[in-house]
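Encoded as structure tokens, the structure appears first; notes follow it.
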Amino acid sequence: MTVAAAHEPVSLSPALTESGEVRARAAGENFSVASLLVGRRAAADLLAVYDYARLVDELGDAAAGDRLALLDEAEAELDRAFAGRASAPVFRALEPLIERCSLPRDPFVRLIDANRRDQASPEVQTYAELLDYCSLSANPVGELVLHVFGAATPARIALSDSICTGLQLVEHWQDVAEDARNGRIYLPADDRERFGVAAADLQAGHASEPLRRLLELETDRAETLLRAGVPLVSSLRGRARLAVAGYVGGGLANVAALRRARFDVLAGAPKAGRLLRGRHTLLSLTGAA
């Protein structure tokens with residue numbers, strides 16, 4: 001990569017220039033488990049990737065104005081980061097990581113494309129469509145994590161994809177009420193029809209019995225994906241192994257939290273506490289997950 005010694009300043013929208021660090025630390029439960037295990041340097045590298053992912057999500061979910069235009073602006077700023085000419089803090093933080101770890105551009109762009117899709121299709125129609133969406137919105141993060149640790153191979157990326165899709169699905173099922181308030185429905189329409197769950201049911205005070213049964217099915221699917229990816233943990237060594245075990249453990253702990261709440265996600269997002277996440281992380285490390 002060629003880094004320019006100096007470059008003309010670029011006028012950026014305020015939405016791009018805000019740091020995503022606070023958002024990442026507040027929202028990244030699975031990230032926080034992993035970061036405790038990998039040391040300061042690796043945690044800083046992972047945070048730079050996570051900050052980017054959170055910022056892109058903010059542009060697609062909550063930014064005022066033309067969100068598609070903001071996402072286009074983010075992709076242009078990403079290109080400047082790969083050229084060593086970024087201006088926004090989140091993108092500047094990526095520059096040394098891109099060069100040191102030879103990070104590929106494609107996973108970063110797929111995260112932007114996921115948010116572009118959200119603007120056009122706020123409701124998911126089928127489970128297959130949901131999995132395809134997760135290939136844009138979730139799987140790139142795991143791929144980038146493997147590149148950060150110098151452990152990216154096709155076989156490992158495939159296992160990581162299974163884990164990341166499972167993690168994304170668990171997060172969607174925890175956040176059904178919040179997503180519905182924001183005009184987004186990730187529960188597949190054909191599954192909702194099969195279980196007799198209307199869109200209006202997602203904004204009630206408590207989950208109906210049909211909605212609970214639907215969420216049980218979707219949570220089972222997410223858990224199956226998480227467990228299918230567990231062999232990735234044993235294929236890694238050192239800090240990479242600890243980090244991935246933290247992600248898997250956090251996801252399985254939140255599966256347990258959903259079950260404990262009997263899938264009443266409308267009364268509040270069920271989330272696992274630190275002890276439960278730590279227990280499942282240990283089980284992932286020992287192969288007992």
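The shown structure was predicted, so the numbers you read here are calculated from the model rather than taken from an experiment.
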Mind jotting down which residue pairs meet the ring-ring contact (aromatic ring centres under 6.0 Å, His included) criterion with at least one end in residues 263-289? Sequence neighbours excluded, please.
-> none
Can a donor-acceptor pair be found, under 3.5 Å and without considering hydrogens, that links the side chain of [X] to the backbone of [Y]?
{"X": "Arg181", "Y": "Gln203", "answer": "no"}
{"X": "Asp264", "Y": "Ala207", "answer": "yes"}
{"X": "Glu123", "Y": "Arg184", "answer": "no"}
{"X": "Glu95", "Y": "Arg85", "answer": "yes"}
{"X": "Asn254", "Y": "Ala272", "answer": "yes"}
{"X": "Asp66", "Y": "Ala69", "answer": "yes"}
{"X": "Arg92", "Y": "Ser87", "answer": "yes"}
{"X": "Thr219", "Y": "Glu216", "answer": "no"}
{"X": "Arg156", "Y": "Ser235", "answer": "yes"}
{"X": "Glu75", "Y": "Ile112", "answer": "no"}

Between [X] and [Y], is there a side-chain N and carboxylate O pair less than 4.0 Å apart?
{"X": "Arg259", "Y": "Glu223", "result": "yes"}
{"X": "Arg110", "Y": "Asp106", "result": "yes"}
{"X": "Asp191", "Y": "Arg213", "result": "no"}
{"X": "Arg192", "Y": "Asp201", "result": "no"}
{"X": "Arg116", "Y": "Asp72", "result": "yes"}

Just jot down the ring pair (Phe, Tyr, Trp, His ring centres under 6.0 Å) partners of Tyr133, sequence neighbours excluded, or say none.
-> Tyr186
Ring pair (Phe, Tyr, Trp, His ring centres under 6.0 Å) partners for Phe108, two or more places apart | Tyr52, Phe82
Rounded distance [0.5 Å steps], [atom1] in [X] versus [atom2] in [Y]:
{"X": "Leu225", "Y": "Cys134", "atom1": "CG", "atom2": "SG", "answer": "8.5 Å"}
{"X": "Asp118", "Y": "Leu59", "atom1": "CG", "atom2": "CG", "answer": "12.0 Å"}
{"X": "Arg105", "Y": "Leu78", "atom1": "CZ", "atom2": "CG", "answer": "6.0 Å"}
{"X": "Glu171", "Y": "Asp179", "atom1": "CD", "atom2": "CG", "answer": "8.0 Å"}
{"X": "Leu285", "Y": "Ser234", "atom1": "CG", "atom2": "OG", "answer": "10.5 Å"}
{"X": "Lys271", "Y": "Arg277", "atom1": "NZ", "atom2": "CZ", "answer": "9.5 Å"}

Can you name the nearest heavy-atom pair linking [X] to [Y], along with the distance?
{"X": "Pro122", "Y": "Gly183", "result": "CB-O, 3.3 Å"}
{"X": "Leu144", "Y": "Pro107", "result": "CG-CB, 3.7 Å"}
{"X": "Glu129", "Y": "Arg117", "result": "O-NH1, 4.3 Å"}
{"X": "Ala228", "Y": "Ser162", "result": "CB-OG, 3.6 Å"}
{"X": "Leu226", "Y": "Gly251", "result": "CD1-C, 3.7 Å"}
{"X": "Leu111", "Y": "Ala53", "result": "CD1-CB, 4.2 Å"}

Decide whether [X] and [Y] are clustered together by the hydrophobic rule: side chain heavy atoms of Ile, Leu, Val, Met, Phe, Trp, Tyr closer than 4.5 Å, transitively.
{"X": "Leu217", "Y": "Val170", "result": "yes"}
{"X": "Trp173", "Y": "Leu276", "result": "no"}
{"X": "Leu167", "Y": "Leu236", "result": "yes"}
{"X": "Val109", "Y": "Leu103", "result": "yes"}
{"X": "Phe195", "Y": "Leu215", "result": "yes"}

Are any non-hydrogen side-chain atoms of [X] and [Y] less than 4.5 angstrom apart?
{"X": "Ile157", "Y": "Pro154", "value": "no"}
{"X": "Leu283", "Y": "Leu252", "value": "no"}
{"X": "Val124", "Y": "Ile185", "value": "no"}
{"X": "Leu94", "Y": "Asp51", "value": "no"}
{"X": "Leu214", "Y": "Leu187", "value": "yes"}
{"X": "Arg100", "Y": "Asp45", "value": "yes"}
{"X": "Phe91", "Y": "Arg80", "value": "no"}
{"X": "Val148", "Y": "Val49", "value": "yes"}

I'd like to check the side-chain hydrogen bond (donor to acceptor under 3.5 Å, both in side chains) partners of [X]; sequence neighbours left out, ordered by chain and number.
{"X": "Arg279", "answer": "none"}
{"X": "Thr165", "answer": "Asn139"}
{"X": "Arg212", "answer": "none"}

Criterion side-chain contact (heavy atoms from CB on, under 4.5 Å) on Ser137 and Gln168, from CA distance to verdict = CA-CA 8 Å; Ser137 66; Gln168 181 73 82; 3.3 Å; yes
Kindly determine whether Thr281 and Tyr247 satisfy side-chain contact (heavy atoms from CB on, under 4.5 Å), including the steps that lead there.
-> CA-CA 8 Å; Thr281 296; Tyr247 295 129; over 6 Å; no
Do you see a donor-acceptor pair shorter than 3.5 Å between the side chains of Asp57 and Asn115?
-> yes
Using a distance-only test with no angle check, is there a side-chain donor-acceptor pair under 3.5 angstrom linking Glu143 and Ser160?
-> no
Run the numbers on Glu73 and Leu16 for side-chain contact (heavy atoms from CB on, under 4.5 Å), then give the verdict.
-> CA-CA 8 Å; Glu73 191 175 345; Leu16 265 72; 3.8 Å; yes
If you draw the axis of the six-membered ring of Phe149, does the NZ or CZ of Arg239 fall within 45° of it and under 6.0 Å from the ring centre?
-> no
side-chain contact (heavy atoms from CB on, under 4.5 Å) between Leu71 and Val56, intermediate numbers included = CA-CA 7 Å; Leu71 292 167; Val56 171; 4.2 Å; yes
